[in-house]
Amino acid sequence: MIRWPFLTLHPIFPARCLNAWTLNQLAVPYGTMTTSAVYLRISKDKGLGTESEGHAVDRQRKDIHKMLKARNWEIGTEYLDNDVSASGKVPRPAYQQMLADFEAGKIDAIAAWKLDRLWRRPKELEHIIELVEKSSLTVATTDSDIDLATPTGRTMARILTTFAQDELDKRSARQKARFAQDREAGHHHWRGRRPFGLTLEGKLVKEEAVAIQEIADSIINDGTISAGVTLLNERGLKTTFGDQWQRQPLRRTLMHPRLAGLRKHNVEVIKGKDGEPDKETYELIKGNWEAVLEEDQWRSLVARLETKGRPKPKQTDYEYLLSGLLTCEVCKDKAYGRKTRRKQKDGSYKESPIYRCTNGHVSKMLYPTDDYVILRTLERILEIKPEAVEVDKQALSTLRQKRATELKFWADWLEEDATADPEDRMKPSEIRPYRQSHEARLRDIESKIAELEKVSLVRLPEIGEEGMNPEGELEMVFDWDKLSIEKRRRMVSLMWKTITLKAVGKGARWDNANIVMIPRELARS
């Protein structure tokens with residue numbers, strides 16, 4: 001015979017007269033109390049970080065505490081999942097910890113405000129039912145008396161969960177339809193966190209936008225992402241997460257079409273041989289926010305970032321202006337800047353910057369090499385004929401117009417397909433061949449533009465224009481020393497087809513003739 005508070009049960013007592021829920025509540029040894037966890041959850045769209053969030057939590061907590069006191073249960077640990085849905089797609093840390101504490105014997109029951117605070121997917125419900133059947137877990141909510149220990153209670157819970165799952169599926173379908181409509185209209189859905197350079201309303205943040213424009217211009221002219229990171233951090237501009245900038249976050253930001261006022265549409269993920277996502281294809285459509293970069297500038301930036309083996313000037317105390325622009329006469333490999341240590345007569349060592357080919361065939365002192373190449377480059381600039389520059393600029397303008405026409409043609413083609421009857425619309429797989437042809441034509445135009453854009457680096461004044469003094473002599477059009485190292489490297493590479501270092505014997509005196517410079521042909525008919 002077992003003693004219970006206010007009741008003595010004899011082995012022949014008709015226990016079937018008590019329902020399962022009552023037995024579950026009475027099945028606690030005399031002198032102990034059921035310890036219940038308090039589970040609270042706030043959905044993503046319920047005013048997070050506001051006063052309404054605090055009210056929602058307090059309301060759940062107050063109702064649960066009232067229920068536990070009425071049942072004479074001990075209020076145990078509180079578990080709160082903030083900004084987490086019960087859909088099952090995102091892990092719920094507090095929920096998982098609560099189940100682990102039950103299995104560890106720290107709690108006897110779980111109390112929640114409503115069933116949908118605990119789960120909305122059948123898989124999670126079945127896990128709870130298994131704990132109820134095998135480990136005597138008790139679940140209580142303030143809005144229902146569903147007893148998971150009985151067949152009827154489990155059936156009712158499964159029905160309610162099925163309806164909740166159906167509601168989730170319908171909501172997901174509505175959201176997907178809305179997002180698709182937004183994408184077609186060019187609307188953004190940044191969901192509370194703005195992108196760098198823009199406000200949530202899609203307006204420019206001037207200081208951030210200016211920095212991005214400077215970085216883009218630098219990279220197009222052989223600059224590095226690391227230099228961009230340094231610029232942002234020196235100016236105290238942090239990411240929208242509040243962190244210091246690093247190379248990969250900056251690269252992702254610069255590669256995103258959002259900077260050009262564009263957004264991705266009809267995204268299709270292509271999987272590799274291992275079944276994992278390999279790449280994605282998409283169309284770009286106009287967004288309804290302000291562009292940080294002009295589309296032409298952004299496309300040039302992306303092309304530059306995707307170029308393999310692009311120059312990466314070393315970050316040292318010296319400016320290795322010609323690193324990677326010089327060629328060895330012997331092995332035809334590139335020569336790069338580095339430091340060398342030479343032993344002096346007094347036994348000490350002196351460090352000096354030099355250019356040396358990768359195989360060690362030739363090496364030249366850095367300063368006289370730079371001085372000679374800079375002098376020849378400036379002389380070469382003064383030889384450029386203004387009429388030849390104008391011819392090339394006209395050709396460049398024609399190509400840019402051709403690119404704009406190609407982009408408009410493709411945008412109109414996509415719009416025509418999007419507005420067609422559903423049965424007449426093309427599938428992404430059917431659009432892909434046309435997109436590939438469009439992209440091939442665009443790449444051809446871009447490569448021709450890249451060849452011609454070098455003429456825009458220099459514009460010499462004509463007679464009567466600003467820059468020509470009264471005596472008819474050319475004044476300095478630009479200040480070389482004030483140009484960034486990236487722009488100087490760019491100018492050198494555009495003026496010279498090759499700069500070759502000749503091999504000489506050890507101890508030979510410096511001779512400019514050992515640097516052979518072949519100019520590019522800038523004038524065109």
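Keep in mind that this is a model prediction, so the values were computed, not measured.
Look at K408 and E415 and you find no salt bridge, because none of the NZ, NE, NH1 or NH2 atoms lies under 4.0 Å from a carboxylate O. For E406 and K402, the salt-bridge test fails: no basic side-chain N is under 4.0 Å from an acidic carboxylate O. The existence of a salt bridge linking R92 and E124 is confirmed by a sub-4.0 Å separation between a basic side-chain nitrogen and an acidic carboxylate oxygen. A salt bridge between R194 and E208 is present, with a side-chain N of the basic residue lying under 4.0 Å from a carboxylate O of the acidic one.
Residue Q436 qualifies as enclosed at atom CD: its count of foreign heavy atoms under 6.0 Å is above 12.
Side-chain contact of T377 with W496: a donor-acceptor pair under 3.5 Å is present, judged by distance alone. In the model, D101 has a side-chain atom that pairs as donor or acceptor with a side-chain atom of Q97 under 3.5 Å.
Taking each heavy atom of V292 and I212 in turn, the nearest pair found is CG1-CG2, 3.8 Å. In terms of heavy atoms, A216 sits closest to Q297 at CB-NE2, 4.0 Å. Taking each heavy atom of W413 and M426 in turn, the nearest pair found is CH2-SD, 3.6 Å. The minimum heavy-atom distance linking G228 with L250 is given by the pair C-CD2, 3.7 Å. The two atoms that bring R41 and L80 nearest to each other are N-CD1, 4.4 Å, heavy atoms only. A pairwise comparison of heavy atoms in V302 and L254 identifies CG2-O, 4.4 Å as the closest pair.
Residues satisfying the salt bridge (Lys or Arg N to Asp or Glu O under 4.0 Å) criterion with D243, sequence neighbours excluded, are absent altogether. The salt bridge (Lys or Arg N to Asp or Glu O under 4.0 Å) test applied to E290 returns K203, not counting sequence neighbours.
Counting only heavy atoms from C-beta outward, the side chains of L293 and Q213 approach each other to under 4.5 Å. Residues E306 and M255 have side chains in contact (heavy-atom distance under 4.5 Å, counting atoms from C-beta outward). With contacts defined as side-chain heavy-atom distances shorter than 4.5 Å, the pair F196/K238 does not qualify. Looking at heavy atoms from C-beta onward, R520 lies out of side-chain contact with M495 at the 4.5 angstrom threshold. At least one side-chain heavy atom of T327 sits less than 4.5 Å from a side-chain heavy atom of K334.
Rounding to the nearest 0.5 Å gives a distance of 11.0 Å between CD of Q246 and OG of S226. Distance CZ/R403 to CG/D444: 12.5 Å, rounded to 0.5 Å.
Ring pair W510/Y372: centre-to-centre distance not below 6.0 Å.
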